[in-house]
Amino acid sequence: MSEAPGATVDRDGVTVGIERPGVIDVLFDGQWTWSFQSERDTAPAWRGQHAARRAPWPVNLRPYLHGTGQVTVRERSSGRVLFDGEYAFDDSDARVRIVDGQGRPLIVDKGGDLQCGFAERGQATVDALLDAVEDVLARLNGAGVDAFLAFGALLGAVRDGRFIPHDSDADVAYLSRHTSPVDVARESFALERVMIEAGYWTWRFSAADFKVIVPDPEGGRAIDVFAGFVVEDVFYLMPEVASTSFRPEIVLPLGEVELHGRRITAPANAEALLEITYGPHWRVPDPSFKFESPRWVRRRLDGWLRGNNGNRAHWWSFYFGRPQEAVPTEPSPFARWVRDREPADASIVDIGAGTGRDSLWFARQGHDVLGLDYIPAATERAGNTAAAQDLPARFKTVNLYDIRQVLAIGGELAHRDTPPTLYGRFLIHALEDEGRHNLWRVASMSLRRGGRFYLEFRTGLDAGKEHEFGEHFRKYLEPETVIAEIEARGGQVEHCEAGHGLAVHKNEDPHVCRLVATWKR
Amino acid sequence: MQAGRDMETLKTRARARTRELVKQLARATGVDQELRRLVDRVDQLEREVQETRRLHQRLAELTDVVAEVLVPAADRDDARLRATLEKYSKTSF
């Protein structure tokens with residue numbers, strides 16, 4: 001079949017021909033926004049009668065595609081323009097603008113998140129990040145590991161002596177001396193404590209890598225801290241890299257590279273580590289680069305170190321991006337129902353607080369509130385609102401899949417002078433089995449001296465129905481199943497009702513269960 | 001041109017016939033059942049391996065709590081334990 005030249009843009013994505021596979025750049029208003037590989041990132045499609053490939057718009061870009069935009073699609077290697085023109089994504093009069101709150105262009109990074117690249121950032125931000133990179137590396141090395149610049153930051157330093165323009169954070173890694181994943185994980189926990197005690201805010205991605213957030217004049221950048229380790233002669237570098245040809249001399253003794261005029265700690269043979277990381281073509285810039293780890297690598301790293309990520313990808317995008325704006329700001333009917341049943345001075349712990357709509361409302365009614373959620377964007381935003389309005393609510397990032405966090409929060413709540421009121425709205429059905437079982441553990445620890453756990457969740461009768469927030473992981477449990485689980489773990493259910501009309505949102509009236517449980521011994 | 005197309009058709013038919021014969025032979029000898037059993041077994045083994053791998057993370061988490069919280073708890077000082085727990089929550093995640 002013959003091939004149509006050019007590309008087509010529509011509401012679903014960008015469709016290109018199949019004749020010359022390669023990297024395709026997509027620009028809005030002449031500003032580079034996103035790149036994809038015309039074979040890897042696409043599905044078969046048709047342009048008229050011609051076989052083609054369509055790359056769907058990245059999920060996090062979609063909320064910006066309203067109104068009409070000036071779109072350019074071009075081949076990266078040749079610069080050949082495949083499409084250049086106005087496209088109306090819908091009927092609104094708006095112009096498509098892919099910018100952040102300060103009007104700076106956003107780009108789609110390799111994780112699919114929208115970021116403001118270094119090219120758009122001021123020197124003060126770059127300086128703040130470099131200061132922090134030096135500080136983090138010094139603290140890691142001071143804690144006894146061999147830490148060095150890695151990934152995109154190392155790549156930019158070796159290629160141009162600068163951060164890569166479309167990159168948005170800095171990465172460091174260290175070579176662990178441990179050879180068992182359990183010890184690698186414990187070491188990473190200890191290193192995170194070093195960073196928190198140094199005053200940094202952190203967030204853990206797996207048991208062997210975490211983010212250090214660096215405050216800067218533009219709101220904060222991240223330094224990712226990745227473990228590198230050898231198990232059974234295979235070198236693994238979190239989050240995706242593995243090599244059977246690694247030798248410790250590639251990293252040790254540590255050397256230096258130049259980054260924006262500063263000498264930064266680097267692997268002994270930076271080029272060799274970059275080849276292990278990005279393959280033999282690492283010198284050629286490719287903003288569409290994605291790690292494609294073999295199945296055996298992914299399975300090992302998932303199994304050893306990434307067991308706590310239950311559905312995080314969905315909620316991460318939801319709370320970091322615009323979808324969270326669709327969550328109502330007024331309290332849920334369930335929150336009002338609970339407030340009517342609890343004393344005015346009840347201290348409320350909202351587990352899975354999300355945007356904090358109910359937590360903040362409870363606080364406005366005078367309750368002392370602790371809001372917990374495993375997505376930092378959610379807890380940070382709600383915490384900022386509470387601080388700005390001087391409300392008695394604080395928010396903390398807690399992951400119910402992590403035993404450490406479950407035991408720590410359960411222990412902390414158990415030691416309170418007065419037992420808390422636990423509150424979990426639309427939480428149960430968002431958890432995988434392990435998270436739900438850990439939730440019962442938190443409840444049994446916290447409520448052993450009294451207090452109630454209020455739960456509202458979708459039942460099996462809601463499965464298969466249309467949902468205002470679309471389809472994603474939901475575990476529909478029947479009330480009797482939840483009651484049996486609670487009772488099996490020492491709890492007692494003092495109230496249970498289920499039906500429609502309890503949690504109406506726009507056109508959706510889900511079948512939900514309201515349940516009140518206690519764990520008093 | 002026509003002869004080429006006829007040859008392609010013959011080849012396609014021959015390949016389909018061969019596939020069918022192999023299937024019949026597999027059924028007759030029980031090999032297909034054995035293959036299905038092995039595929040299921042590999043699937044089960046992969047799940048079992050992954051379940052075992054997950055213990056690394058759980059063990060790391062539990063030993064972290066034991067070392068940081070339960071060992072200091074041996075002092076039986078409730079105020080200290082409360083402070084230890086608070087510090088653990090504050091500095092560990």
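First the proteins, then the strands, lettered A, B, ... as listed; each starts at 1. For the numbers below, each heavy atom of this structure counts, side chains included, while hydrogens, waters and symmetry mates do not.
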field: Main-chain N/O of B/E46 paired to A/R299 side chain as donor or acceptor, under 3.5 Å
entry: yes
- prompt: Just by distance, do the side chain of A/K396 and the backbone of B/S89 share a donor-acceptor pair under 3.5 Å?
  reply: yes
Do [X] and [Y] come within less than 4.5 Å of each other through their side chains, counting heavy atoms only?
X	Y	value
A/H415	B/E86	no
A/E434	B/R58	yes
A/R404	B/Y88	yes

- prompt: Would A/R193 and B/S92 count as a side-chain hydrogen bond (donor to acceptor under 3.5 Å, both in side chains) if you check the C-alpha gap in whole Å, the side-chain angles of each, and the deciding distance to 0.1 Å?
  reply: CA-CA 5 Å; A/R193 270 193 284 274; B/S92 295; 2.9 Å; yes
[atom1]/[X]: more than 12 non-hydrogen atoms of other groups inside 6.0 Å:
X	atom1	result
A/R416	CZ	yes
A/R441	CZ	no
B/E34	CD	yes
A/D233	CG	no

Got a second to check how far [X]'s [atom1] is from [Y]'s [atom2], nearest 0.5 Å?
X	Y	atom1	atom2	answer
B/L70	A/L407	CG	CG	8.5 Å
B/Q50	A/W304	CD	CH2	10.0 Å
A/D402	B/Q57	CG	CD	7.0 Å

In terms of heavy-atom pairs under 4.5 Å with chain A, which of [options] leads?
options	result
B/D64, B/V65, B/V69	B/D64
B/T91, B/L59, B/V49	B/T91
B/K87, B/E68, B/K90	B/E68

- request: Please flag which part of A/Y401 lies under 4.5 Å from any non-hydrogen atom of chain B: side chain, backbone, both or neither.
  value: backbone
query: Is it the side chain or the backbone of A/R306 that comes within 4.5 Å of chain B heavy atoms, both, or neither?
result: backbone
task: Pick whichever of A/V184, A/I403, A/N399, A/I409 has the most heavy-atom pairs under 4.5 Å with chain B.
output: A/I403
- line: Greatest number of non-hydrogen atom pairs under 4.5 angstrom with chain B, of A/E192, A/M195, A/R204, falls to A/E192
Checking [X] against chain A: side chain, backbone, both or neither under 4.5 Å from a heavy atom?
X	result
B/L81	side chain
B/F93	both
B/R54	both

statement: For A/S180 and B/H56, the nearest pair of non-hydrogen atoms, with its separation, is OG-CE1, 3.7 Å
field: Test log, rule side-chain hydrogen bond (donor to acceptor under 3.5 Å, both in side chains), inputs A/N308 and B/E61
entry: CA-CA 11 Å; A/N308 294 347; B/E61 288 166 0; 2.7 Å; yes
